[in-house]
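Accompanying notes for the structure given below.
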Amino acid sequence: MSSAHRFDRGHTDDLMSFLAASPSPYHVVANTAERLEKAGFREVMETDAWDGRTGGMYVRRGGAVIAWYVPDGATPATPFRVVGAHTDSPNLRIKPLPDTSSHGWRQVAVELYGGTLLNTWLDRDLGLSGRITLSDGSHRLVNVDRPLMRVPQLAIHLDRGVNQDGLKLDKQRHMTPIWGVGEVGQGDLIRFVAEETGVAADEIRGWDLMLHSVEAPAYLGRDRELLAGPRMDNLLSVHAGIAALVAASSSASLPFIPVLAAFDHEENGSQSDTGAEGPLLGNVLERSVLSRGGTFEDRARAFAGTICLSSDTGHAVHPNYAERHEPGHHPMPNGGPILKVNVNQRYATDGAGRAVFAGACERAGVPWQHFVSNNSVACGTTIGPITAARHGIATVDIGVAILSMHSARELCGAEDPHLLAAALTAFLEG
């Protein structure tokens, strides 16, 4: 590893703060905006006319945020360098009529969002987060970051075969959290949320609420070389992307327009107005071209020269299940970011993309690793192929190797977040 990029504990400490402060996609966007504002970026509204000014700008919509920096001298045909990520994580989300009960227990009805690893939500102290929508159309963030709910597991005395036969969870019956005892009244949860946010209950017209583990991120291991925490899939990449974009915006000379695109709804297919399969990124990039006096020809030229690094977590080799991994490719924590390859286009990487990624890592002085799935195990996917197909943009899938993906609490190497940010910075700077 280059001496210029030895372990930056300050970056990882900051990631831990970002994870703790971002229990929902809406908090991710708010915290991203705050960091961008401090770096001199300005928010632009989709409903306003855009001008051709240079500098840093960002657009936020729901749980998604797109930010970019137009350097001095950029032409309408200047290509973009895009870092793609997502703001959502698998979790438990509140149903429209949440108040329920069973046998004297007060409970809250939830839906399962994304590919949730169900057993990891059992017997955890859970808080409540997300946003509410008021009668005037405005939104308020909600973050009850204290033990409020719990999904209790059945005692082994009542399920003697659980350790031999495996835990079997019914998604409807067994995942309903408790939050007290006694009589249940319709509207109880929303009245509680109103009190917590300081608004009148009858002002709340809608909500997008979810549960999160209140256990804080922490270093792990004898030498504290590992990091345990929630939502690293994929806030680790969002955080690294912010750091890279801010660093690139201070560069003296940029041949490209650096972009951070953090989408919502990746965990359930990206099909939404804030997901990668929606038009948000394309609209922002095209409007950037047109606001600088560009034509359709300029837009086509800019997109043809654009490259996207789709950054999401991947699988580190699991020491207890090594047979599930491809024998010749065993990514390890603190080995640097991974290049994801799948010839069936579950990842968008090709040989040309490999060269782009390898060049960025070489300039940054960071190591990197390959990831490919075992042929007998289904390969996951992310926003990379969607971005490539939706916008005709050359895309490379990368990320950080972790364990316990989609758990309520995941695990990565403590050095890898900084190594990823360094590689992304070198990519954006060109």
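- Judged purely by atom type and a 3.5 angstrom limit, Asp416 uses its side chain to pair as donor or acceptor with the backbone of Gly336.
- Looking only at distances, a side-chain donor or acceptor of Thr75 sits under 3.5 Å from a matching main-chain atom of Ala77.
- Between Pro255 and Thr78, the shortest heavy-atom contact is O-CG2, 3.7 Å.
- In this structure, Asp14 pairs ionically with Arg35, as a charged nitrogen and a carboxylate oxygen lie closer than 4.0 Å.
- Remark: Arg409 CZ is packed, more than 12 non-hydrogen atoms of other residues, nucleotides or ligands lying under 6.0 Å away.
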* From CA spacing to verdict: side chain to side chain contact (heavy atoms under 4.5 Å, CB included), Ile307, Phe256 -> CA-CA 10 Å; Ile307 304 174; Phe256 308 102; over 6 Å; no
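- Under a 3.5 Å cut-off, the side chain of Lys340 and the backbone N or O of Thr382 do not form any donor-acceptor pair.
- Between Phe80 and Trp68, the distance separating the two ring centers is not shorter than 6.0 angstrom.
- Checked against salt bridge (Lys or Arg N to Asp or Glu O under 4.0 Å), Arg60 has the following partners two or more places apart in sequence or in another chain: Glu43.
- Remark: Asp51 engages Arg42 in a salt bridge, criterion side-chain N to carboxylate O under 4.0 Å.
- Counting only distance, with no hydrogens or angles, the side chain of Thr120 and the backbone of Ser407 share no donor-acceptor pair below 3.5 Å.
- Formation of a donor-acceptor pair under 3.5 Å by the Gln153 side chain with backbone atoms of Leu122 is not found in this model.
- Of all heavy-atom pairs between Leu420 and Leu236, the closest is CD2-CD2, 3.6 Å.
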* Report the C-alpha distance between Glu277 and His265 in whole Å, list the side-chain angles of each, state the deciding distance to 0.1 Å, and finish with yes or no for side chain to side chain contact (heavy atoms under 4.5 Å, CB included). => CA-CA 10 Å; Glu277 196 162 341; His265 300 131; over 6 Å; no
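- At distances below 3.5 Å, at least one donor-acceptor pair connects side-chain atoms of His174 with backbone N or O atoms of Asp170.
- With respect to Glu196 and Arg146, a salt bridge is recorded, a charged nitrogen being found less than 4.0 Å from a carboxylate O.
- Among pairs with a residue in residues 121-150, none fulfils ring-ring contact (aromatic ring centres under 6.0 Å, His included), at least two apart in sequence or across chains.
- A donor-acceptor contact closer than 3.5 angstrom is absent between the side chains of Glu410 and Ser404.
- A donor-acceptor pair under 3.5 Å is absent between the side-chain atoms of Asn234 and the main chain of Ala85, judged by distance alone.
- Side-chain N/O atoms of Asp13 and Tyr219 include a donor and acceptor closer than 3.5 Å.
- Side-chain atoms of Asn334 come within 3.5 Å of backbone atoms of Ala414 as a donor-acceptor pair (strictly under, hydrogens ignored).
- Residue Pro258 comes nearest to Leu245 through the heavy atom pair O-CD1, 3.6 Å, listed as atom of the first residue, atom of the second, then distance.
- Within 6.0 Å of CD in Glu37 there are more than 12 heavy atoms belonging to other residues, nucleotides or ligands.
- The neighbour count for Trp179 CH2, taken as heavy atoms of other residues, nucleotides or ligands under 6.0 Å away, is above 12.
- Residues Gln107 and Thr176 have side chains that never bring a donor and an acceptor to within less than 3.5 angstrom of each other.
- Side chain of His406 to main chain of Gly115: a donor-acceptor pair is present (N/O by atom type, distance under 3.5 Å, no hydrogens or angles).
- Counting non-hydrogen atoms of other residues, nucleotides and ligands closer than 6.0 Å to CZ of Arg324 gives a total of 12 or fewer.
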* Run the numbers on Glu195 and Arg191 for salt bridge (charged side-chain N to carboxylate O under 4.0 Å, His left out), then give the verdict. => CA-CA 6 Å; Glu195 293 173 359; Arg191 281 190 290 271; over 6 Å; no
* So Ile398 and Trp368, side chain to side chain contact (heavy atoms under 4.5 Å, CB included) or not? Walk me through it. -> CA-CA 10 Å; Ile398 67 163; Trp368 60 279; over 6 Å; no
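- Remark: the Ser310 side chain and the Asp397 side chain contain an N/O donor-acceptor pair separated by less than 3.5 Å.
- Aromatic ring orientation, His11 versus His418: tilted (interplanar angle from 30° to 60°).
- Side-chain polar atoms of Ser129 and Ser24 form no donor-acceptor pair below 3.5 angstrom.
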* Asked: side chain to side chain contact (heavy atoms under 4.5 Å, CB included) between Thr32 and Thr87: does it pass, once the steps are laid out?
  -> CA-CA 10 Å; Thr32 300; Thr87 63; over 6 Å; no
* Does the salt bridge (charged side-chain N to carboxylate O under 4.0 Å, His left out) test come out yes or no for Arg106 and Asp188, once each step is laid out? -> CA-CA 10 Å; Arg106 298 174 65 188; Asp188 279 353; 3.5 Å; yes
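- For Asn91 and His212, the side-chain atoms include no donor-acceptor pair closer than 3.5 Å.
- In this structure, His330 and His325 have perpendicular ring planes: the angle between them is above 60°, well past the 30° mark.
- A pairwise comparison of heavy atoms in Pro385 and Arg346 identifies CG-O, 3.3 Å as the closest pair.
- One N or O on the side chain of Ser237 and one on the backbone of Ser311 form a donor-acceptor pair closer than 3.5 Å.
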